[in-house]
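Labels below follow one simple rule: chain letters A, B, ... track the order of the sequence lines, proteins then strands, and each chain is numbered from 1.
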Amino acid sequence: MAESKPGEVMEKIVSLSKRRGFIFQSSEVYGGLNGFWDYGPLGAELKRNIKECWWRSMTQLRDDVVGLEASIIMHPRIWEASGHTSTFSDMMVDCLLTKKRFRADQVDPQSGVVHHFIAAVDATEFEKLRKDTLLQKDSLSQTSCVPEANKLLESIEDVGTALSKGFIKLKPTVNSAEFIEILKRLGATSGYNSNTDAYSVLVPKGKPIESAVRVAREIYAKGSASKPVVVWSSAADVAGSTRFNPENGAPLTEPRPFNLMLKTYVGPVESADNLAYLRPETAQAIFAQFKNVLEVSRQKVPFGIAQVGKAFRNEINPRNFTFRSREFEQMELEFFIRPEEAIEAIYGSVTKPSAPGHPGEPQPNWGWQIWHQYWVEERLRFYENIGLPRNSLVEYWQQPEELAHYARATVDILYKFPFSKRDEKGELMGEELEGIAARSDFDLSQHQRFAGKTMTVFDEELKTTWPKLSPVKQSELRERYFQARSKYLTKAGEPSDKGEKLAQEDADLLTKGYYVPHVIEPSAGVDRLALALICSAYCEDQAPDDKGKLESRVVMKFHPRIAPIKVAVFPLLKNKPELVKKAKEVRELLRPHMTVFYDEAGAIGRRYRRQDEAGTPFGVTIDFDTLGEQGAELKDTVTLRERDAMTQERVRISDLPARLCATIR
RNA sequence: GCGGGUGUAGUUCAAUGGUAGAACGGCAGCCUUCCAAGCUGCACACGUGGGUUCGAUUCCCAUCACCCGCUCCA
């Protein structure tokens, strides 16, 4: 990473992304669309490589994980079961003064006196109006506003001190709606400026009206009037109101639904019956298809289901280039494990983590904690394997208060993006690339309840082991499992008698070898990873020009495994047909094995530099030696140029495929 | 969602109330025996919509987008 100012690095990366065809703004010719991005030729290759690396390491190189590719639109009930419908459609209110946002159901009810304000006038203008009216000034009479202005002032109690108090009180006989009408007419005919919005402010009982006036003036001051004099109309006692900000008594907006799922309609009719959502995460499809996959894959718990696919969230505030987008791609694994009661029944004990770091090859008696640790370490290895240095990553253990209610533990893997916040020591804190969550049996249990279909697995080993346990052990394990199920059902909102009954049934099932598996979920963002790899690869260094003078060079130091183009093939000169012919032969030789880019335009140094910006790790140049002009021993050898060190090496053409394939796999 | 800033070729930047230049990049050609050489030619831009004006890329308003700070991030 180049040592520039933080904002500048990001700007350079954004501009290079466009210049070289990594990332474009979506719908750019129409002015763009907030939160959506497209990948150009190099970006598309980069993303493919990321996904392929992930897929290979998660499924093809393992025995215990299989794949799934589910539809983006699923049954709406899935999102009820997962909790997305309710949490995504919370009613939210905003404080009109501080703009702070609250969940409507979490505002503490307040009691006290509500002061109603119906308008505000600018202090300077009000004073001018008052004087002009008293003096019957021309400016008013010319627009025949005198009667209006007179009527306005007559409606007010104690006009003289209104300015110093900061508020106007209407005479009890005055109709406030008529007063507003006069204000508006004055504004329309003479340009007299006022704000006719109404606000109410709550103050505790016994507090003077001035404290309400102060809050009201601040609210009006955010509008047109810089020094507002507010118009007070009435006050009333209230009890248990949730319409005011508990912190300052300022009014809150009407509760507004706040749904972060993108909606669509299935079928041609836009009715509530047809409402569907674009999935906000890919994980739920895995849970919903759990039984089908289990049935056909000949897998047994512990095993996992992996999926790569698009997801959509109607983010409030897309930010930081592609980092927070409304359409994005996820790579998720749901790894199903036995509940600890089953492990203990079968193996006598449960293995827990004993030391930090990778715990090694999975063992059948591993408990959820060690499985969780295993996946954290596996994922860190993955990132290092595709070129993110360990010191650019942060392993962050979520604090208990940060955990989602169903999660037992979550580790975030963060990458230190240039736009990351810094801690008090000035170190980049990092932004989330992936979360590895231990989610207990929450998800499958939810779908079991909502769909009314069993999500249990049958464990032959458990069934045969259980009868051999001592009655004491049996009842201990059964009780623990009952308690766990009972806790879940209570949290899920089942009435206590029904919850108790269901938990007893679950506990009975355990003794017969059935249980709902628990799950460890490593969930990563493809686009975030692509951005991290681009940021990590970006590098400015010095390279000599053809006269040996050092010039700055931009080079994308992608790991060969994920580099969009693996090798570029150049004839040294393009006007020598023998060189061109040979170079094209080399291109065809390599093409079946990797992405190859052929370039014959311009000087050779220029072509190297072009590939440096694309992040192509290798350049192969065909020269006159290749043709055998310097003798037979150099015939059919080429220059292999390495991107980062710019070193050159003489390599036999026949050795090239194996040589290059070794580095890109 | 709030506040501030910015929108001119692919990129980075100029200039201007009378419809725009450069550098680099791109393409084509010539040349060129290993790190952005040279020469010739070509293509490409005032984010969008209103308003003011005889005339707007320029001034005003709105909108969209991007950046920064807050807010939010199940």
**Q.** Single hit among A:F321, A:F24, A:F328, A:F323 for ring pair (Phe, Tyr, Trp, His ring centres under 6.0 Å) with A:W37
**A.**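 It is A:F321, the one option of A:F321, A:F24, A:F328, A:F323 that forms the ring pair (Phe, Tyr, Trp, His ring centres under 6.0 Å) with A:W37.
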
Any strand is fair game: report the nucleotide pairing with [N] by Watson-Crick or G-U wobble, both distances under 3.5 Å, or none.
N: B:U8; answer: none
N: B:A28; answer: B:U40
N: B:G3; answer: B:C68

Integer angstrom distance from the [atom1] of [N] to that of [M]:
N: B:U40; M: B:A23; atom1: P; value: 12 Å
N: B:G7; M: B:U11; atom1: C1'; value: 15 Å
N: B:G1; M: B:A43; atom1: C1'; value: 44 Å

(Q) Considering every strand and a 4.0 Å limit on heavy-atom distances, what is the contact class for A:Y30: base, sugar-phosphate, or nothing? (A)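 If one applies the 4.0 Å heavy-atom cut-off, A:Y30 turns out to touch nothing in the nucleic acid.
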
Taking only N and O in the side chain of [X], is any of them less than 4.0 Å away from OP1 or OP2 of [N]?
X: A:N34; N: B:C64; result: no
X: A:R606; N: B:G25; result: yes
X: A:K574; N: B:G29; result: yes

Q: Take the protein atom CD of A:E315 and the nucleotide atom C1' of B:C73, then report the distance between them rounded to whole Å.
A: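 That distance rounds to 6 Å.
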
(Q) If you assign A:N575 and A:R553 each to the RNA chain B nucleotide with the nearest heavy atom, which residue ends up on the more 5' nucleotide? (A)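 Upstream on the strand: A:N575.
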
Q: Output the single nucleotide from B:C35, B:C27, B:A65 whose closest atom is nearest the side chain of A:R610.
A: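 Closest nucleotide among those given: B:C27.
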
Q. Hey, is the side chain of A:Q648 pairing donor to acceptor with the base of B:C34 inside 3.5 Å?
A.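 Yes, the side chain and the base share a sub-3.5 Å donor-acceptor pair.
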
Q: Answer yes or no: is there an ion pair linking A:R641 with A:D612, defined by an N-O contact shorter than 4.0 Å?
A: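 Salt bridge flag = yes for A:D612 with A:R641.
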
Q: Show your working on side chain to side chain donor-acceptor pair (under 3.5 Å) between A:E434 and A:Y415 and close with a plain yes or no.
A: CA-CA 9 Å; A:E434 168 158 0; A:Y415 173 75; over 6 Å; no

